[in-house]
Amino acid sequence: MATRTSLKTVTFDRPFVLAGYSEVLPAGSYIVETDEEPVGGISFVAYRRTLTVIHLPSKSGNPGHSGMLTIDPNELEEALKRDQGLAELLVD
């Protein structure tokens, strides 16, 4: 089966945390990569998400060295909602 990969950029206005990663991640823009594979045996085209990773920034001691973290896409959405909710509270 052919896997398709999509990329998107998400932006956090404040430092944030994600489940499965012990460090607080800095505010900024992050590339999120999602792999999907076709669902077979049905009469229409559909895809199933198989992997979602977020590209992490390089650490200050290792310029150019960055990593990737496998994440739950629902956790990412929740973190983005928390970040936006905090922004709305600060504006009011």
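Note that these values count all heavy atoms, side chains included, but never hydrogens, waters or copies made by symmetry.
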Which heavy atom of [X] sits nearest to which heavy atom of [Y], and what is that distance?
X   : Y   : result
L69 : L18 : CD2-CD1, 4.5 Å
P57 : Y30 : CD-CE2, 3.3 Å
V17 : A79 : O-CB, 4.1 Å
L80 : F12 : CD2-CZ, 3.5 Å
P73 : R49 : CG-NE, 3.3 Å
V24 : P15 : CG1-CB, 3.6 Å

(request) Is it possible for you to say whether F44 and V39 belong to one hydrophobic cluster, with membership spreading through side-chain heavy-atom contacts below 4.5 Å? (result) yes
To the nearest 0.5 angstrom, please state how far the [atom1] atom of [X] sits from the [atom2] atom of [Y].
X   : Y   : atom1 : atom2 : result
E78 : F16 : CD    : CZ    : 14.0 Å
R14 : L25 : CZ    : CG    : 15.5 Å
T3  : L51 : OG1   : CG    : 9.5 Å

(request) Start with the C-alpha gap between T70 and M68, add the side-chain angles, then the distance that decides, and say whether side chain to side chain contact (heavy atoms under 4.5 Å, CB included) holds. (result) CA-CA 7 Å; T70 300; M68 294 189 303; over 6 Å; no
(message) Donor-acceptor pair, distance only, cut-off 3.5 Å: does the side chain of T50 make one with the backbone of D35?
(response) yes
(request) Go through Y21 and I54 one step at a time and tell me if the side chain to side chain contact (heavy atoms under 4.5 Å, CB included) criterion holds. (result) CA-CA 11 Å; Y21 193 68; I54 188 168; over 6 Å; no
